[in-house]
Amino acid sequence: MFEAITRLDFAILDWIQSNIKCAFLDVLASCWRFFGEAGIFWIAIAIGLMITKKYRKLGVTLALSFAIGALTVNLGLKPLVGRVRPYDINTGINVLIPHLSDYSFPSGHTLICAEAAAVLWHFDRRFGIPAAICAVIMAFSRVYLYVHYPSDVLVGLILGAVNGIIAISAVNAIWKRRGFFTKTNQDLSNGN
């Protein structure tokens, strides 16, 4: 089954290279990768949100989602599966970005964008819709750049959504238990 998935992956990758590749998309995909590079863009947004009282819960939820992704994917799945990148197998492709040192499965860039999209969609669709579009563009760009297989980005999207949902549930439970959005026990006992 894994061989069949890999054959389909390469069929899609090679079709994109033969039929869609163009100078405009070369530039777009090469630049778009920075939205996922080491998660810096999204982590900065999470930190910025955490320091504001109004959006603290959103920032904490984003940060937890990213932490779950780093643990499960970067420290778990990537080394466990050890899938080499498509350009390491098809060496005839001119890769537009520097070769990467980690494994291919699943796509970490796609993962963090999908985590952000899931969390932002839950809190405010005005932010969630652009984040979801960003995640889809990221998924396409990773395949377009020939650094990930389509199955890598598909799993990245799914795991990102799942991590976002887990983080939302966990933070909601913690927030409710700790009384972040209600009066504290001390406030209630003082009659405030």
Side-chain angles (χ1 to χ4, degrees), residues 5 8-9 12-13 15-16 20-22 24-52 54-74 76-78 86 96-97 100 102 104-175:
I5 292 170
L8 179 60
D9 279 338
I12 294 168
L13 284 166
W15 184 87
I16 289 170
I20 298 178
K21 190 163 175 51
C22 65
F24 171 74
L25 289 177
D26 286 354
V27 172
L28 179 66
S30 297
C31 292
W32 200 262
R33 69 187 171 104
F34 291 108
F35 284 109
E37 286 294 308
I40 293 170
F41 173 79
W42 293 110
I43 292 168
I45 287 176
I47 291 169
L49 292 169
M50 282 192 288
I51 61 175
T52 65
K54 181 177 180 180
Y55 295 107
R56 186 165 295 137
K57 183 178 181 185
L58 171 56
V60 169
T61 308
L62 282 170
L64 178 59
S65 181
F66 302 155
I68 293 167
L71 291 172
T72 59
V73 170
N74 295 341
L77 281 175
K78 278 187 181 260
L96 300 173
I97 62 172
L100 303 166
D102 63 343
S104 182
F105 181 86
S107 169
H109 282 69
T110 305
L111 174 86
I112 197 162
C113 290
E115 289 166 342
V119 171
L120 289 167
W121 187 280
H122 172 76
F123 279 89
D124 190 334
R125 290 214 172 116
R126 291 175 302 165
F127 302 124
I129 291 171
I133 293 168
C134 177
V136 170
I137 294 171
M138 182 62 73
F140 174 75
S141 74
R142 303 311 284 170
V143 173
Y144 180 87
L145 291 169
Y146 220 87
V147 297
H148 282 288
Y149 302 92
S151 57
D152 295 344
V153 299
L154 179 62
V155 171
L157 287 168
I158 293 167
L159 286 177
V162 168
N163 291 347
I165 292 166
I166 291 169
I168 291 163
S169 297
V171 171
N172 280 342
I174 292 167
W175 236 254

So which atom in [X] and which in [Y] form the shortest heavy-atom distance, rounded to 0.1 Å?
| X | Y | value |
| --- | --- | --- |
| Ala114 | Ala135 | N-CB, 3.9 Å |
| Ala116 | Trp42 | CB-CE3, 3.5 Å |
| Met50 | Arg56 | O-NE, 2.9 Å |
| Asn163 | Leu111 | ND2-CD1, 3.8 Å |
| Ala46 | Ala63 | CB-N, 4.1 Å |
| Ser151 | Phe105 | O-CE1, 4.2 Å |

*Would you mind checking if Arg142 and Asp152 are paired as a salt bridge, meaning a charged N to carboxylate O distance below 4.0 Å?*
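Salt bridge absent between Asp152 and Arg142.
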When rounded to the nearest 0.5 angstrom, what distance separates [atom1] in [X] from [atom2] in [Y]?
| X | Y | atom1 | atom2 | value |
| --- | --- | --- | --- | --- |
| Glu115 | Leu64 | CD | CG | 9.5 Å |
| Ile112 | Asn74 | CD1 | CG | 8.5 Å |
| Cys134 | Leu120 | SG | CG | 10.0 Å |
| Tyr144 | Lys21 | OH | NZ | 4.0 Å |
| Ile45 | Leu49 | CD1 | CG | 7.0 Å |
| Phe123 | Leu58 | CZ | CG | 5.5 Å |

Do the side chains of [Y] and [X] get nearer than 4.5 Å, heavy atoms only?
| X | Y | value |
| --- | --- | --- |
| Leu154 | Pro150 | no |
| Leu159 | Thr72 | no |
| Ser30 | Leu145 | yes |
| Tyr149 | Ile5 | no |

*asked:* Please identify which of these residues, Ser104, Ser107, Pro106, meets the side-chain contact (heavy atoms from CB on, under 4.5 Å) condition with Val153.
replied: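 Answer after filtering Ser104, Ser107, Pro106: Ser107.
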*Could you tell me which residues satisfy side-chain hydrogen bond (donor to acceptor under 3.5 Å, both in side chains) with Asn172, sequence neighbours excluded, listed by chain and number?*
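Result, side-chain hydrogen bond (donor to acceptor under 3.5 Å, both in side chains) vs Asn172: Lys57.
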*Which residues satisfy the side-chain hydrogen bond (donor to acceptor under 3.5 Å, both in side chains) test with Thr61, sequence neighbours excluded?*
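Here no residue qualifies.
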*Can Phe140 and Ile16 be said to form a side chain to side chain contact (heavy atoms under 4.5 Å, CB included), step by step?*
CA-CA 10 Å; Phe140 174 75; Ile16 289 170; 4.2 Å; yes
*Is the backbone N or O of Leu62 less than 3.5 Å from a side-chain atom of Ser65, with the two atoms forming a donor-acceptor pair by type?*
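Flag not set: sc Ser65 to bb Leu62 has no pair under 3.5 Å.
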